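Worksheet for the structure shown next.
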Amino acid sequence: MGLNPELLEVLACPRCRGEVLENEQAQELVCGACAVAYEIRDGIPVMLPDAARSLATESGA
C-alpha cells in the first residue's frame, strides 16, 4: 500500500524542490535530481535533508 496519490503530488524534495517518486518496495521517496532517497516510516515520509540516503554510492559513482 503506497502513499496517497494526492499527497505524492504535493511533496517535493526539500533540497531542490523537485519531484519525488515513490519506491513502494523500499518504502522511500526518491529524488533523481539530487540522487537521494527519503524513508517512509509508518506511512509518513521523513523529508529531512540530513536523513536522506545517498543513491550516488549505490550506482558506483
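Predicted model, so just to flag it, every value in this text is computed and none were measured.
- Linking Ile, Leu, Val, Met, Phe, Trp and Tyr whenever their side-chain heavy atoms come within less than 4.5 Å leaves Leu48 and Ile40 in two separate clusters.
- In plain terms, the two heavy atoms of Gly2 and Glu24 that are nearest each other are N-OE1, 3.5 Å.
- Of all heavy-atom pairs between Val46 and Ala51, the closest is CG1-CB, 4.4 Å.
- Smallest separation of non-hydrogen atoms from Tyr38 and Cys13: OH-SG, 3.3 Å.
- Every residue two or more places apart in sequence or in another chain that forms a side-chain contact (heavy atoms from CB on, under 4.5 Å) with Ala37 is listed here: Glu28, Val30, Arg53, Leu55.
- Under the salt bridge (Lys or Arg N to Asp or Glu O under 4.0 Å) criterion, the residue pairs touching residues 34-46 are Glu39-Arg41, with sequence neighbours excluded.
- Of all non-hydrogen atoms in Pro45 and Leu3, the two that sit nearest each other are CG-CD1, 3.9 Å.
- Scanning both residues, Met47 and Leu29, for their nearest heavy atoms gives SD-CD1, 3.7 Å.
- The SG atom of Cys34 sits 10.0 Å away from the CZ atom of Arg17 when rounded to the nearest 0.5 Å.
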